[in-house]
Amino acid sequence: MQYVLLLCLLLPHVFGVTFQPLTEKPGLIDNGTSGPEIEVVHLFRGEAPIGITVSKSGRAFVTFNRGDLDSNPLTLAEITSDDTEVAFPNAAFNQPPGGLVNTTSGRAVGTSDSMHFINVQGAVMDSKDRLWVLDTGRPVVNGDNLLASPGGPKLMGFNIENNVTTPFMTITFPENILPPTGYLNDVRFDLTPSLTKSGQGVAYIADTELCASGAFGIIVVDLGTGESWRHLDRLHMVSPTSRLLATFFGVPTFLQTPMMPALHYENAGGGGGCDGFAISADGKFIYFTPIASRDFWRIETAALRGNTNNDPLAFIRAANSVQYLGEMGGQADGLETDSTGKIYISSPEHNSINTFDPETGLISVFVRSPMLAWPDTLNVADDGFIYATVNQLWLSPGFQNGVDKRTKPFALIRARIDGGRVQL
Ligand SMILES: *[C@@H]1O[C@H](CO)[C@@H](O)[C@H](O)[C@H]1NC(C)=O
Ligand SMILES: *[C@@H]1O[C@H](CO)[C@@H](O)[C@H](O)[C@H]1NC(C)=O
Ligand SMILES: *[C@@H]1O[C@H](CO)[C@@H](O)[C@H](O)[C@H]1NC(C)=O
């Protein structure tokens, strides 16, 4: 007995320690927050927002994805107060008289209506303060985007200051440039006259594609002639990373098919190819990243302006001008540039907006907050703020076995930045 007692005293660790929960905490705990203050400037009590653009005079335009005219009569709206949005240019323009879907051939496809909005994804102000609207022509029905009919997908320009209700320009795309599986996602402009013979500048468009067949790419438009051509078609840099598994709010997220990672391209609801899209402040590069990817790329715009319709080597020159900039530390949705040359990168996996500095090649956190529940589109405005839609995309039915797990309202936020809008 004495020997046992002696052992206890000599070798306390053999018998273990009795833990108690302590009130004191370790020295470093992630508070989920860094960077400048985030202001919530608008709440969306209805549909989740996608695109956002703010004009020089402070008018804000927002896009909503939709597939059903009755439940969602708006796909492009102007924000008019803290929580109201009004159809732009009017309600009728947002409602194709023949409906969004065409079933004449026995298979439901998007309407070919070129005069009304079908399913608008992008809305971007150019340096002349004109509003450009990018319509995918692909309504969402039962969680999937229907295929487009040529004529339906379009780029439309509006003069906003006099509120005319007809576009000054409508550009549709031949089927060999934009296949029915294509998805016009985002657009950037350079209006420098010397870029083209017609002198009206160019538009660069990300084709995200939302389909297993995978025709991801970049489309370029001559804004003087309306001619368009296609680059990087199906090359790996514009294509999704196979089996990418992204983590949102700490949850590795799969699609409705349990073993299919959320952003895998074989699942339409989970995203697709070339999506994040921005032009460098000097107009020399387009920065891009597929939504289902953590890789960051840029391509020379001079090579993109090579017209693949009449120059057989233009495609090769453009492909050879792509530069791999490394990983971003997470997948990204929207990209944006400011006048200092910085590229802003939305980072839904980290509830943050990061920046890429082209001088150093480094990515840093700009702002981080638990409120940034999937920052989607980013827009630098003339008032010294960067704006972002926050839409909980990974909780929408396409990612969640058909169940809508989003919590309304959705938000428009902004944060102060050093730079201003890029003037190209
Ligand atoms: C949160 O942590 C960051 C460092 O990661 C720090 O800069 C910031 O001041 C903290 N915020 C609060 C509210 O404690
Ligand atoms: C509907 O589809 C039919 C048959 O494919 C086609 O002829 C017609 O132009 C389409 N109409 C619209 C408005 O899309
Ligand atoms: C255009 O519409 C905006 C927003 O509804 C309004 O503030 C502005 O006064 C209108 N401009 C003209 C010239 O009608």
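Treat the numbers as computed from the prediction; the structure is a model and nothing was measured. Indexing begins at 1, ligand by ligand and atom by atom, following the structure's order.
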Side chains of Arg188 and Tyr204 only: does a donor on one sit below 3.5 Å from an acceptor on the other? no

In this structure, CG of Asn354 is separated from CG of Leu362 (nearest 0.5 Å) by 12.0 Å

Please confirm whether Ser112 comes within less than 3.5 Å of ligand 2 when only nitrogen or oxygen atoms on both sides are compared. yes

What protein heavy atom sits nearest atom 9 (O) of ligand 1, and how far away is it? Asn31 ND2, 4.8 Å

Starting from atom 10 (C) of ligand 2, find the nearest protein heavy-atom neighbour and note its residue, name and distance. Asn102 ND2, 2.4 Å

Atoms of ligand 1, numbered as shown, that sit under 4.0 Å from any heavy atom of Thr33: 1 (C), 2 (O), 3 (C)

For atom 13 (C) of ligand 2, the protein heavy atom that lies nearest, with its residue and separation: Thr111 OG1, 3.4 Å

Sole candidate of Glu78, Arg130, Met125 that passes side-chain contact (heavy atoms from CB on, under 4.5 Å) when paired with Ser55: Met125

Ranked by distance from atom 5 (O) of ligand 2, the top protein heavy atom is Ser105 CB, 4.1 Å

Less than 4.0 Å between atom 2 (O) of ligand 2 and some protein heavy atom, yes or no? yes

Does the side chain of Asp222 pick up a donor-acceptor pair with the side chain of Ser198 at under 3.5 Å? yes

If we ignore angles and hydrogens, is there a donor and acceptor under 3.5 Å between the side chains of Gln121 and Asp186? no

Please confirm whether Trp297 and Tyr324 have ring centers closer than 6.0 angstrom. yes

